[in-house]
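Scroll down for the structure; my scribbles are underneath it.
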Amino acid sequence: MITCKSEREIELMRKAGRIVADALALARDLAKNNVTTETLNSELEKYVIQKGGKPVFKGYRGYPKSICTSINEEIVHGIPSERSLKDGDILSVDIGVEYRNYVADAAITIPIGVVSHDVQKLLNVCETSLMKAIGILRSNIKLSEVSRMIQNYVESNGFSVVRDYTGHGIGRQMHEEPQIPNFVNDELLKDDKTLLKGMALAIEPMICAGGYATEVLKNNWTVTTRDRKFSAHYEHTVVVTEDGADILTK
C-alpha cells in the first residue's frame, strides 16, 4: 500500500534528509586519493550520530556498515573497507538516515581527482536524469512518466539504465511501495501508479557506461556491471506536491 505522508511526517523526514545531505557534503570533502572507504564510513557514521540520526543501513538484512561505497564498475551496495581511493576512480556514496522513526535516503557519485571526459559525462548524465525526473513530478502524473524520463534521457546520451535494482517509496521504512524502475516495461505499465500529493519517493537512477547486466560479488552485497564498465548512481528523497516536488535531501 502506498501511503501519503502528513505535514508532520514530512517535516520529520526533512530533518532526516538534512542530515543525509550534510553527510554527503562531508563525503565530497573527504573522498580523496589514498583515503580508504572505511575512513569515509567511520566519519559519516560519527557525523550522523552526532546530529541525532541513526545510520539505517547498518544491520539492515545483515549489512555490516553505515554507508555504501561503490567504486568504478560497482553499481550499488559496495561495502566500505581498507581499499584506498585512487585518482581517476569514481565513488558512489549512498546513505540512509532515520530520525525519530522517519527515514531519508540519498546518493551521489564523486570523481576522485581528474577523471576522463567520458566518465565525467556518465556522472553528469546520471545526475541530470535524476533532476529531470524530479522536474516533472506533481500529483496525478503516472509513475511510468518518471521512469520514461530517466530512461529516455540516459539512453539518448549513449548509456544504459540498470534493470535489476530500482528506486522505492520511503517513510517510516526505508523501502516502501511503490518500486520506481528507471525504465518502462509492460509490467510497469500494467499496474501503473498515479502519484498523489504527500507520497514520499526515493528516486535513484543507476546507469552504466556499457550494458545494464549486473552480477553480485561473493560478499553477497556488492553489485557490479557484468562487463566491468563504470557505473554511476544519484538519488534524492522527494515528496510529491500538487504542482511539483519537495526535495528533502538537498
Side-chain angles (χ1 to χ4, degrees), residues 1-17 20 53-63 68 75-77 94-107 129-151 161-207 212 214 216 221 223 233-250:
M1 182 177 68
I2 306 174
T3 60
C4 295
K5 274 61 180 181
S6 68
E7 289 299 323
R8 171 186 166 276
E9 290 175 308
I10 292 168
E11 287 312 306
L12 289 171
M13 291 183 68
R14 192 185 311 281
K15 290 178 179 176
V20 168
K54 174 186 174 184
V56 74
F57 291 177
K58 194 170 186 177
Y60 183 78
R61 296 180 179 174
Y63 185 74
C68 297
I75 302 168
V76 287
H77 306 163
D94 191 355
I95 181 168
V97 169
E98 180 181 307
Y99 178 82
R100 294 178 60 185
N101 299 320
Y102 285 87
V103 179
D105 183 10
S129 72
L130 171 60
M131 299 315 295
K132 282 182 172 290
I134 292 172
I136 65 168
L137 277 178
R138 65 184 184 283
S139 61
N140 295 317
I141 70 165
K142 292 291 188 182
L143 177 60
S144 62
E145 295 179 56
V146 176
S147 302
R148 183 175 288 108
M149 172 62 76
I150 293 169
Q151 182 178 15
V161 292
V162 169
R163 264 65 165 169
D164 296 335
Y165 300 87
T166 71
H168 49 89
I170 190 168
R172 291 183 70 89
Q173 305 296 324
M174 184 164 63
H175 292 133
E176 297 185 358
E177 294 185 32
Q179 285 193 345
I180 308 171
N182 296 309
F183 64 101
V184 176
N185 62 6
D186 290 342
E187 184 179 354
L188 173 62
L189 295 175
K190 185 178 178 181
D191 186 28
D192 205 358
K193 309 294 186 189
T194 299
L195 300 182
L196 300 175
K197 177 185 175 183
M199 286 183 177
L201 310 172
I203 302 174
E204 48 178 325
M206 291 154 264
I207 79 170
Y212 56 74
T214 69
V216 180
W221 281 104
V223 180
H233 178 207
Y234 283 83
E235 177 181 17
H236 271 307
T237 295
V238 304
V239 174
V240 178
T241 71
E242 287 183 350
D243 56 0
D246 185 358
I247 304 175
L248 303 183
T249 46
K250 66 180 179 181

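Treat the numbers as computed from the prediction; the structure is a model and nothing was measured.
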Checking Ile247 against Met131 for the side chain to side chain contact (heavy atoms under 4.5 Å, CB included) test, could you report, in this order, the C-alpha distance in whole Å, the side-chain angles of both residues, the deciding distance, and whether it holds? CA-CA 10 Å; Ile247 304 175; Met131 299 315 295; 3.9 Å; yes

If the condition is ring pair (Phe, Tyr, Trp, His ring centres under 6.0 Å), which residues does Tyr165 pass it with, not counting sequence neighbours? His77

Heavy atoms of Tyr102 and Met13 approach each other most closely as CB-CG, 3.8 Å

Apply salt bridge (charged side-chain N to carboxylate O under 4.0 Å, His left out) to Arg148 and list each qualifying residue two or more places apart in sequence or on a separate chain. none

Tell me every residue that passes salt bridge (charged side-chain N to carboxylate O under 4.0 Å, His left out) with Lys58, counting only those two or more places apart in sequence or in another chain. Glu45

I'd like to know whether Leu137 forms a side chain to side chain contact (heavy atoms under 4.5 Å, CB included) with Val238, so could you lay out the CA-CA distance, the side-chain angles of the two residues, the decisive distance to 0.1 Å, and finally the verdict. CA-CA 9 Å; Leu137 277 178; Val238 304; 3.6 Å; yes

Looking at Val162, Thr214, Val223, which hits side chain to side chain contact (heavy atoms under 4.5 Å, CB included) with Met206? Val162

Please check if the side chain of Gln151 supplies one atom and the backbone of Val184 the other of a donor-acceptor pair under 3.5 Å. yes

In short, Phe183 meets Val161 closest at the heavy-atom pair CB-CG2, 3.9 Å

OG/Ser144 to CD1/Ile180 distance, rounded to the nearest 0.5 angstrom? 12.5 Å

If you look only at distance, which donor and acceptor atoms sit under 3.5 Å apart when one is on a side chain in residues 194-205 and the other is two or more places apart or in another chain?
from: Thr194; atom 1: OG1; to: Lys142; atom 2: NZ; distance (Å): 2.9
from: Glu204; atom 1: OE1; to: His233; atom 2: NE2; distance (Å): 2.8
from: Glu204; atom 1: OE2; to: His168; atom 2: NE2; distance (Å): 3.3

Roughly how far apart are Ile95 CD1 and Cys68 SG, rounded to 0.5 Å? 9.5 Å

Would you compute the distance between atom OG1 of Thr3 and atom CD1 of Ile170 and round it to the nearest 0.5 angstrom? 11.5 Å

Tell me, please, which residues at least two apart from Arg100 pass salt bridge (charged side-chain N to carboxylate O under 4.0 Å, His left out). none

Contacts of Glu98 that satisfy salt bridge (charged side-chain N to carboxylate O under 4.0 Å, His left out) - sequence neighbours left out: none

From Ser147 OG over to Asp192 CG, what is the distance, rounded to the nearest 0.5 angstrom? 8.0 Å

Give me the atom names and distance for the closest heavy-atom approach of Gln179 to Pro181. O-CD, 3.4 Å

Value rounded to 0.5 Å, distance of CZ in Arg14 from OG1 in Thr249: 10.5 Å

Taking every heavy atom of Pro178 against every heavy atom of Lys193, the minimum-distance pair comes out as CB-CG, 4.3 Å

Closest non-hydrogen contact found for Tyr63 with Phe57 is CB-O, 3.6 Å

Side-chain heavy atoms of Val240 within contact of Ile141, under 4.5 Å: no

Quick one: pull up OG in Ser129 and OH in Tyr234 and give me the separation to the nearest 0.5 Å. 10.0 Å

Do the side chains of Lys54 and Tyr99 get nearer than 4.5 Å, heavy atoms only? no

For Val103 and Ala16, work out which heavy atoms get closest and say how close. C-CB, 4.3 Å

Could you tell me if the side chain of Glu187 sits less than 4.5 Å from the side chain of Asp191, heavy atoms only? no

